[in-house]
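Note sheet for the following structure.
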Number of protein chains: 2
Amino acid sequence: MGETAETGSSRTRPTIYDVAKAAGVAPSTVSRAFSRPGRVNADTADRIRRVAHELGYRTSPIGRAMPDGRTALLAIVVADLTNPFFFEIIRSAEKTAIDAGYTLLVVDAHESSGAERRALERTLPLVEGVVLATSRLSDAAIRAVAKQRPTVVMNRVVADVPSVVTDNAQGMRRAVEHLAGLGHSRLTYLAGPEASWADGMRWRAFREATQELGLRARRLGPFAPTLAGGLSAAQALTTHSATATVAYNDLVAIGTMRGLTRLGIEVPRDLSVVGFDNIFGSDFCTPPLTTVASPLRHFGTFAVQRLLNQLRSPSAGPSVATSSGLSAPALLPAKLVERGSTSRRP
Amino acid sequence: MGETAETGSSRTRPTIYDVAKAAGVAPSTVSRAFSRPGRVNADTADRIRRVAHELGYRTSPIGRAMPDGRTALLAIVVADLTNPFFFEIIRSAEKTAIDAGYTLLVVDAHESSGAERRALERTLPLVEGVVLATSRLSDAAIRAVAKQRPTVVMNRVVADVPSVVTDNAQGMRRAVEHLAGLGHSRLTYLAGPEASWADGMRWRAFREATQELGLRARRLGPFAPTLAGGLSAAQALTTHSATATVAYNDLVAIGTMRGLTRLGIEVPRDLSVVGFDNIFGSDFCTPPLTTVASPLRHFGTFAVQRLLNQLRSPSAGPSVATSSGLSAPALLPAKLVERGSTSRRP
DNA sequence: CCGCCGACGGCAACCAATTGCCGCAGACCC
DNA sequence: GGGTCTGCGGCAATTGGTTGCCGTCGGCGG
């Protein structure tokens, strides 16, 4: 009991020096026993490990980080942690990071550029690299981040910063073609946050696709990328004559459907609704949502892999990356998932 | 351009030494200029701050952390980041942490005790305290964590470790009373993970409540606390004669409803379903789910506050906390939200 | 004009780990 | 048996920021 109580005290953690003294070796030997397998005699290493375990020794990342600055930490900053869009992204990013020996910190920006900036200020010094998932920061701010740490942006293109994006144009085109095929000719786009790069891309693609197909295109918004935003959108839609609508994302689409139902407008009988992202919940809402599916799982993996690439070739600064093509956006395909929220024009 | 490119290089961040050289003072003066207001002449301090800003200097938490071990970091470990149950908890915990001058790291345990252990191993050394939200670790493992760092557990009671829990018994009682009031007399509980403390509590409360009210209680499971788990539960339910069921949580409940629908069983006409937690999506699934609502927002706030209390009184070790009542579980009330998934017995 | 006091800034130690370099000792070869 | 090679472990420097202690310089009072 005595030793456990003594060593288990959280007052001051044992250091390599304590371990070294207890094992009768030099501190450097202890360090090597842990971080340089083979460098130390197996017997000695075993003894050190045993003693260290008895003492409850844990390597302190503080001391470890100093000599080379390595913390083995990465961060992913998401616009909104509660948005199911990020689920698979975070999962896959985490897995990729862990497989590479890194720990991934998840940071929530609360859909606010201010909060995002503050969170980055706190986190950036800790980590070796960062993934900005649908950042709400300005391009300049993102470049400033990229200057401090290897950075990958997601769902956005910023000059000289590596990025991973969905093929929004392709996805939007599929959606519009789908609706046109169902006989709809008056389409409305429900816009997302103005600071969203993806929103701009989607609206542009929407306009282009509708124009090519000779459909009438209108735009409503911006709306918050949430269920509540969708409710407002439903209200706004009542003044429109459109028979089909494409929403900035699934949350807005689901919110819109709920709002429409409350207003006595039936989906898809009276109005067809298409979402974007294929998030958790889009298949069990009523009706199940037709949506443009992003390859969410690949997103996180790709982004972290690009980050790891940057970390592995530290000689290549941002500018070099440009010339070597490292910062060219990786374009991930999108496909349309047809469910129950769209039907032939009434 | 020259200076920006030069100083902005991510090669090596400027240190107090660089700032000191550029400002023509000693490193210690730079340090004091930032961390000890008044100690340095205002003019000198201003100059240092200006130079530091020009150089893009940012104080490194690594060096700072060393003398006193403070990192201003807390961590919350959640069983499953994609479970909407944790949304509000994380949000509120984060806010409380930030307000107190801490940064909260969010760590995902992937519903696996192994992953949880590994994640903790990586994270624990970094942080000053940790919130274990519905941990899948053993009591012993949790106590080991609590020995290393101030710890608060959520939705679980571990001897000598401060905790915050929902009043599962009360919530379950409300649910059972509600179903009894609708004329149901044969109830089935759909169990969650065996490692879940909450599951044990809910099942016990279910048995007690049904017994008191003279109802027949059965138990199915365990099922994974996911939509998929709910699908299996639906299959299993077909062999039961119950007319009402209470699920371990909302995900299971929603999954069950989907499975039942596929099997041609209509909710609530043929079977009433009650969930637990009132998560995102429980209001827009079909039918909207009757569920026991946990005060999610208070959860995170409470947990972090208890953690901060421990941090502020570092003299009080775990054992002292016991005697001072600090580790007595904080019991948060639960209420029943009646929606469309329950109705009078057919 | 001298002495005292306080403000300010520098020197150097410190924290916890890593790592280059060196030296010692044992093994092996000739 | 001597020389060399290699494996292993220790010394000491290094990293970034903080802090105790001390020296210096200026102002001000006597």
Side-chain angles (χ1 to χ4, degrees), chain A residues 10-49 51-52 55-73 101 122 124-128 148-149 314, chain B residues 10-49 51-52 55-73 121-122 124-128 148:
Chain A
S10 59
R11 311 292 320 130
T12 46
R13 252 175 329 113
T15 71
I16 42 170
Y17 296 91
D18 301 318
V19 177
K21 207 180 297 174
V25 295
S28 54
T29 308
V30 177
S31 170
R32 276 193 278 259
F34 284 107
S35 58
R36 201 59 67 87
R39 179 67 175 75
V40 174
N41 185 304
D43 294 346
T44 314
D46 265 358
R47 186 160 44 90
I48 290 173
R49 258 190 287 275
V51 170
L55 260 51
Y57 166 78
R58 311 247 67 198
T59 167
S60 154
I62 295 172
R64 162 180 305 234
M66 241 174 318
D68 58 358
R70 273 202 38 129
T71 59
L73 251 36
R122 290 170 160 271
L124 214 50
L126 284 172
V127 302
E128 294 181 44
Q148 287 185 55
R149 289 284 185 282
Chain B
S10 63
R11 310 293 318 125
T12 48
R13 246 177 335 108
T15 71
I16 41 169
Y17 297 91
D18 300 318
V19 176
K21 207 180 297 174
V25 296
S28 54
T29 307
V30 176
S31 172
R32 275 193 278 258
F34 284 107
S35 59
R36 203 56 69 86
R39 179 67 174 75
V40 174
N41 185 304
D43 294 346
T44 314
D46 265 359
R47 184 160 48 90
I48 291 173
R49 258 190 288 276
V51 170
L55 260 52
Y57 166 77
R58 313 243 66 198
T59 168
S60 153
I62 296 171
R64 165 180 303 240
M66 246 172 315
D68 59 358
R70 272 201 39 130
T71 58
L73 251 36
E121 238 162 61
R122 289 170 161 270
L124 214 51
L126 283 172
V127 302
E128 295 180 44
Q148 288 185 55

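By convention in this document, chain letters (A, B, ...) are assigned in the order of the sequence lines, proteins followed by strands, and residues within each chain are numbered from 1. Only this structure's heavy atoms are used, side chains among them; waters, hydrogens and symmetry mates stay out.
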Legend entry - Relative orientation of the end axes in the helix from C:dC1-D:dG30 to C:dC30-D:dG1, expressed as an angle to the nearest 10° (five pairs per end): 50°
Inset, instruction - Between B:Thr29 and A:Pro27, name the one whose nearest nucleotide on DNA chain C is closer to the 5' end. - result: B:Thr29
Inset, instruction - Tell me what B:Val25 touches on the nucleic acid: a base, only sugar-phosphate, or nothing, going by heavy atoms under 4.0 Å. - result: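 Since only primed, P, OP1 and OP2 atoms lie under 4.0 Å of B:Val25, the category is sugar-phosphate.
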Inset, instruction - Determine the contact category for B:Tyr57: base if any of its heavy atoms lies under 4.0 Å from a base atom, sugar-phosphate if only primed atoms, P, OP1 or OP2 are that close, otherwise nothing. - result: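 Sugar-phosphate only.
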Just how far, in rounded Å, is [atom2] of [N] from [atom1] of [X]?
X       : N      : atom1 : atom2 : result
B:Arg47 : C:dG9  : CZ    : P     : 8 Å
B:Tyr17 : C:dG9  : OH    : C1'   : 15 Å
A:Asp46 : D:dG9  : CG    : P     : 12 Å
B:Ile16 : C:dG9  : CD1   : P     : 15 Å
A:Asp18 : C:dA16 : CG    : C1'   : 11 Å

Show the nearest heavy-atom pair for residues [X] and [Y], with the distance to one decimal.
X        : Y        : result
B:Asn41  : B:Asp43  : OD1-N, 2.8 Å
B:Leu55  : B:Ala22  : CD2-CB, 4.2 Å
A:Leu124 : A:Arg149 : O-NE, 3.3 Å
B:Ala20  : B:Pro27  : CB-N, 3.5 Å
A:Thr15  : A:Tyr57  : C-CE1, 3.7 Å

Inset, instruction - Run through A:Asp18, A:Ile48, A:Val40 and flag the one making a side-chain contact (heavy atoms from CB on, under 4.5 Å) with A:Val30. - result: A:Ile48
Legend entry - 5′-ward residue of the pair B:Thr15/A:Ala45 relative to DNA chain D: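 Going by which nucleotide is closer to the 5' end, it is A:Ala45.
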Legend entry - Spacing of CZ belonging to A:Arg36 relative to OG belonging to A:Ser28, to within rounding of 0.5 Å: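 Rounded to the nearest 0.5 Å, the CZ-OG separation comes out at 11.5 Å.
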Legend entry - Gap separating the CZ atom of A:Arg49 from the OG1 atom of A:Thr44, nearest 0.5 angstrom: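 Between atom CZ of A:Arg49 and atom OG1 of A:Thr44 there are 10.5 Å.
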Legend entry - Side-chain N,O (A:Ser31) to OP1/OP2 (C:dA16) below 4.0 Å: no
Taking only N/O atoms, report every protein-nucleotides 20-27 of chain C pair under 3.5 Å with atom names and distance.
| from | atom 1 | to | atom 2 | distance (Å) |
| --- | --- | --- | --- | --- |
| C:dG20 | O6 | A:Arg32 | NH1 | 3.3 |

